[in-house]
Amino acid sequence: MNHYPIGETAEQRAHRRARKRRLYRLRQRIIELGVLAVLVAAVAIPVSIAHRRSAEQTDQTPSSVGEPSPAPKPVYPVYTADTVTLTDAVDADYALLMDVNENRVLAAKGADVRTYPASVTKVMTLLVAVENITDFTDTFTMTYAITDPLYLANATVAGFSNNEEVTMEDLLYGTILPSGADACQALAEYVAGSDEAFVELMNKRAQEMGLKNTHFTNTSGLHDKDHYTTAEDMAVILRVAMENPHCRQVLSTYQYTTASTSQHPEGILLTSTLFGRMYGTEPDGATVIAGKTGYTTEAGHTVVSYAKGLDGHDYILVTLKGSNRWKATFDTIDMYTEFSPLSENTEASKTSAAG
């Protein structure tokens with residue numbers, strides 16, 4: 001039964017019903033519009049956010065979105081009007097002496113000429129290994145597949161045996177002190193899976209340093225016509241290596257005994273090829289604290305060394321293609337003596353070296 005207001009006429013009743021229908025339709029329209037607005041927002045807002053994020057990422061540099069910035073390229077040491085051009089008074093065919101603190105070349109001789117590095121290659125091998133190893137107590141099993149070809153190639157080895165479990169730390173010292181090609185090969189296989197893959201890392205690192213005239217084909221410095229460097233480039237490599245505390249420690253060590261194994265219960269006593277020739281205190285005005293030697297028939301005798309001067313400066317000397325090991329050694333001693341600012345014979349020696 002319908003209930004109408006008392007006294008309401010038929011006309012009034014019709015008008016009231018029409019008004020209710022209009023209000024109902026208006027309410028439905030408002031609801032429909034609200035639902036439509038929600039649907040549009042659900043699609044448009046995520047698209048807008050995604051577009052804004054994409055634009056922001058495009059504008060950002062790699063470092064601002066959490067990616068590491070590439071390492072700054074080292075600058076080659078600078079030649080100045082005071083740089084001495086060395087003569088044949090220096091036995092090595094190619095040489096460079098630099099003041100590390102001032103990034104300045106004190107003396108040079110064919111320093112930008114490509115030549116063979118021999119075992120000073122292992123400074124780069126050491127650097128790449130240290131930068132890519134996270135656990136230096138981890139071990140690698142030495143095999144005949146590594147050692148036998150090296151013996152046949154007459155390569156210098158540290159002396160690890162087949163099936164010997166050798167720590168990464170021992171391999172680092174085995175690479176530098178006795179110049180062990182067996183240690184180099186083991187590091188390469190541990191880090192990169194093969195010598196070839198590790199060499200790719202070495203060449204990539206050389207590019208990151210900004211080196212212009214260096215290319216490696218192996219980890220140990222065995223002769224290859226496509227394995228070359230310059231005195232300038234080797235100076236940069238040694239400088240970068242010495243900036244790494246782990247590399248600096250290895251390059252500065254005179255003797256080191258490897259961990260005891262079943263093959264070598266007392267370990268292997270490793271001796272630096274550089275400090276086996278000199279104490280390091282022989283130069284007047286500087287002390288040699290680190291370095292590496294090398295030799296092949298094609299490369300001659302090569303030496304890279306790092307010294308601390310009595311003036312508080314650090315120095316790097318690279319000599320390549322020396323005629324024999326002792327002349328290469330005396331080149332190192334004499335060059336630091338001649339060009340040390342606190343050497344008593346500096347001025348006279350510079351005149352002699354320059355001819």
Side-chain angles (χ1 to χ4, degrees), residues 92 115-130 140 142-162 164 166-191 195 198-199 202 216-224 227-229 234 237-238 241 247 250-258 261 263-264 267-278 290-305 318-329 332:
T115 188
Y116 305 120
S119 286
V120 297
T121 296
K122 295 182 177 80
V123 176
M124 179 65 98
T125 303
L126 171 71
L127 176 64
V128 172
V130 167
F140 177 88
M142 194 63 66
T143 66
Y144 283 134
I146 291 176
T147 59
D148 283 3
L150 296 175
Y151 281 112
L152 292 174
N154 200 30
T156 305
V157 295
F160 299 112
S161 301
N162 184 54
E164 186 168 9
V166 188
T167 68
M168 295 300 107
E169 193 72 14
D170 288 354
L171 290 175
L172 297 178
Y173 282 94
T175 294
I176 295 300
L177 272 60
S179 202
D182 50 349
C184 289
Q185 185 73 40
L187 286 172
E189 293 195 15
Y190 175 87
V191 170
D195 196 71
F198 190 90
V199 168
M202 294 170 67
F216 301 109
T217 62
N218 59 77
T219 58
S220 59
L222 291 174
H223 178 68
D224 186 300
H227 187 101
Y228 55 79
T229 190
M234 278 309 308
I237 291 171
L238 182 58
C247 293
V250 175
L251 288 162
S252 301
T253 298
Y254 166 50
Q255 286 187 326
Y256 173 89
T257 302
T258 63
T261 64
Q263 291 83 357
H264 295 97
I268 303 173
L269 178 62
L270 307 175
T271 300
S272 165
T273 56
L274 177 68
F275 293 118
R277 300 181 189 180
M278 66 170 74
K292 179 78 186 72
T293 67
Y295 172 78
T296 64
T297 301
E298 297 81 2
H301 292 267
T302 61
V303 182
V304 296
S305 60
V318 178
T319 60
L320 304 175
K321 205 169 178 59
S323 64
N324 67 63
R325 64 182 297 180
W326 293 113
K327 286 186 178 180
T329 302
T332 300

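The line from CG of Leu150 to OH of Tyr144 is 14.0 Å long, rounded to the nearest 0.5 Å. How far CG of Leu152 is from OG1 of Thr147: 9.5 Å, rounded to the nearest 0.5 Å. Of the inter-residue distances, the one linking Thr253 atom OG1 with Leu172 atom CG reads 11.0 Å to the nearest 0.5 angstrom. For the atom pair OG1 (Thr297) and NE2 (His223), the distance works out to 9.5 Å, reported to the nearest 0.5 Å. Distance check, rounded to the nearest 0.5 Å: OG1 of Thr175 to OH of Tyr173 gives 12.0 Å. Separating the CG atom in Asp182 from the OH atom in Tyr151 is a distance of 6.5 Å, to the nearest 0.5 Å.
Counting only heavy atoms from C-beta outward, the side chains of Val199 and Thr219 approach each other to under 4.5 Å. The closest side-chain heavy-atom distance from Phe160 to Gln263 is not below 4.5 Å. Within the 4.5 Å cutoff, no side-chain heavy atoms of Val318 are placed close to those of Leu238.
Across Asn218 and Ser220, no two heavy atoms sit closer than the pair OD1-N, 3.2 Å. Between Leu251 and Phe275 the shortest heavy-atom distance is O-CE1, 4.1 Å. A pairwise comparison of heavy atoms in Thr217 and Asp195 identifies O-OD2, 4.4 Å as the closest pair. Of all heavy-atom pairs between Thr319 and Ala92, the closest is CB-CB, 3.7 Å. Between Ser305 and Thr332 the shortest heavy-atom distance is OG-CG2, 3.7 Å. Closest heavy-atom contact between Pro117 and Thr229: CB-CG2, 3.6 Å.
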Taking it one step at a time, do Val123 and Val304 satisfy side-chain contact (heavy atoms from CB on, under 4.5 Å)?
CA-CA 9 Å; Val123 176; Val304 296; 4.0 Å; yes
Would you sort out whether Phe198 and Thr125 count as a side-chain contact (heavy atoms from CB on, under 4.5 Å), showing the intermediate values?
CA-CA 9 Å; Phe198 190 90; Thr125 303; 3.9 Å; yes
Would you sort out whether Trp326 and Arg277 count as a side-chain contact (heavy atoms from CB on, under 4.5 Å), showing the intermediate values?
CA-CA 8 Å; Trp326 293 113; Arg277 300 181 189 180; 4.1 Å; yes
Could you go through Thr257 and Ile268, starting from their C-alpha distance and side-chain angles, then the distance that decides it, and tell me whether this counts as side-chain contact (heavy atoms from CB on, under 4.5 Å)?
CA-CA 5 Å; Thr257 302; Ile268 303 173; over 6 Å; no
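Under a 3.5 Å cut-off, the side chain of Thr296 and the backbone N or O of Ala299 do form a donor-acceptor pair.
Between the side chains of Lys122 and Ser119, a donor-acceptor pair is found at a separation under 3.5 Å. A donor atom on one side chain and an acceptor atom on the other are found under 3.5 Å apart for Ser179 and Lys292. Counted by atom type alone, Thr258 and His264 present zero donor-acceptor pairs between their side chains at under 3.5 Å.
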